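Following: one structure in structure tokens, then a few remarks.
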Amino acid sequence: MIDLSTLLLTAFYALFGILLMIVSNTIMDFFVPGDFAAEIKRGNCAVAWLSAGSFIGIGQILRAVILSYDAIPPDFLQGVLLSIVYAAVGIVFFVLGFFIIKMWHRKYALAEQIMRGNTAAGIFLFGVFVGLSLVISGAVH
């Protein structure tokens, strides 16, 4: 038999995940100079790699949030509230991690390289975002 609260949580997590990935990509677009949508329309593969890493990374963080409630299933309202809190914490550390990596690699101005279409820089940030998400999701879970 299908539990209504489980079904509602599943629907919430799916919709929240989509929204969270869009918001996180918008946040990254804010911090990385340039317009992601325009750059992708132009065929800038570096921005596409960065965006893909952002989506995968935030998805991984949200997955960890969801999995952390398997052992002790909360009621729907508690699940919604805790998901929002932990996802927000994940995004904050994701952006913070991006800036730390950016400062560490300041020799070649990652953001500028990405906007110029340097695919290597985009792939590098893709890896940074996925790596950060694995660490953050491990901390959340």
Side-chain angles (χ1 to χ4, degrees), residues 2-141:
I2 297 176
D3 179 17
L4 183 59
S5 64
T6 302
L7 185 60
L8 288 173
L9 278 173
T10 301
F12 166 77
Y13 286 134
L15 293 173
F16 184 65
I18 293 167
L19 178 65
L20 185 59
M21 285 187 268
I22 291 169
V23 167
S24 73
N25 203 280
T26 303
I27 291 169
M28 295 278 73
D29 194 4
F30 177 77
F31 288 112
V32 177
D35 180 355
F36 284 10
E39 290 297 316
I40 289 172
K41 283 181 187 177
R42 194 172 66 83
N44 186 333
C45 290
V47 171
W49 277 101
L50 180 149
S51 294
S54 174
F55 278 102
I56 292 169
I58 294 301
Q60 175 63 25
I61 292 169
L62 185 58
R63 180 179 183 275
V65 171
I66 294 166
L67 290 174
S68 68
Y69 301 119
D70 280 352
I72 307 169
D75 62 52
F76 179 72
L77 186 57
Q78 182 184 11
V80 169
L81 181 62
L82 292 175
S83 295
I84 291 169
V85 168
Y86 281 111
V89 168
I91 288 175
V92 166
F93 281 104
F94 194 62
V95 172
L96 180 65
F98 167 73
F99 281 112
I100 291 169
I101 296 295
K102 184 180 167 188
M103 286 182 349
W104 182 45
H105 284 284
R106 64 180 175 260
K107 293 178 185 176
Y108 46 88
L110 282 172
E112 293 167 17
Q113 290 295 317
I114 287 169
M115 288 307 137
R116 287 185 188 144
N118 183 339
T119 304
I123 293 170
F124 173 76
L125 273 181
F126 172 88
V128 167
F129 289 165
V130 171
L132 284 170
S133 73
L134 292 172
V135 172
I136 294 166
S137 65
V140 168
H141 188 63

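A quick note: this is a predicted structure, and the numbers were derived from the prediction, not measured.
- In this structure, Phe93 CZ and Leu132 CG are separated by 11.5 Å, a value rounded to the nearest 0.5 Å.
- More than 12 heavy atoms of other shown residues, nucleotides or ligands fall within 6.0 angstrom of atom CZ in Phe16.
- In this structure, the side chain to side chain contact (heavy atoms under 4.5 Å, CB included) partners of Ile100, at least two apart in sequence or on a different chain, are Leu96.
- In this structure the side chain of Leu50 reaches within 4.5 angstrom of the side chain of Phe129, judged on heavy atoms.
- Pairs passing the side chain to side chain donor-acceptor pair (under 3.5 Å) check and including a residue from residues 45-54, sequence neighbours excluded, do not occur.
- To the nearest 0.5 Å, atom CD1 of residue Ile101 and atom CG of residue Leu110 are 9.5 Å apart.
- Of the inter-residue distances, the one linking Arg42 atom CZ with Ile40 atom CD1 reads 11.0 Å to the nearest 0.5 angstrom.
- Considering CG of Leu62 and CG of Leu67, their distance stands at 9.5 Å, rounded to 0.5 Å.
- With sequence neighbours excluded, no residue forms a ring pair (Phe, Tyr, Trp, His ring centres under 6.0 Å) with Phe55.
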What donor-acceptor contacts under 3.5 angstrom involve side-chain atoms of residues 112-120, with partners at least two apart or in another chain?
from   : atom 1 : to     : atom 2 : distance (Å)
Gln113 : OE1    : Asn118 : ND2    : 2.9
Asn118 : OD1    : Ala120 : N      : 3.0
Asn118 : OD1    : Ala121 : N      : 3.3

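- Evaluation of the side chain to side chain donor-acceptor pair (under 3.5 Å) test over residues 25-35, restricted to residues two or more places apart or in two chains, returns none.
- For Phe99, the side chain to side chain contact (heavy atoms under 4.5 Å, CB included) partners two or more places apart in sequence, or in a different chain, are Phe31, Val95, Lys102.
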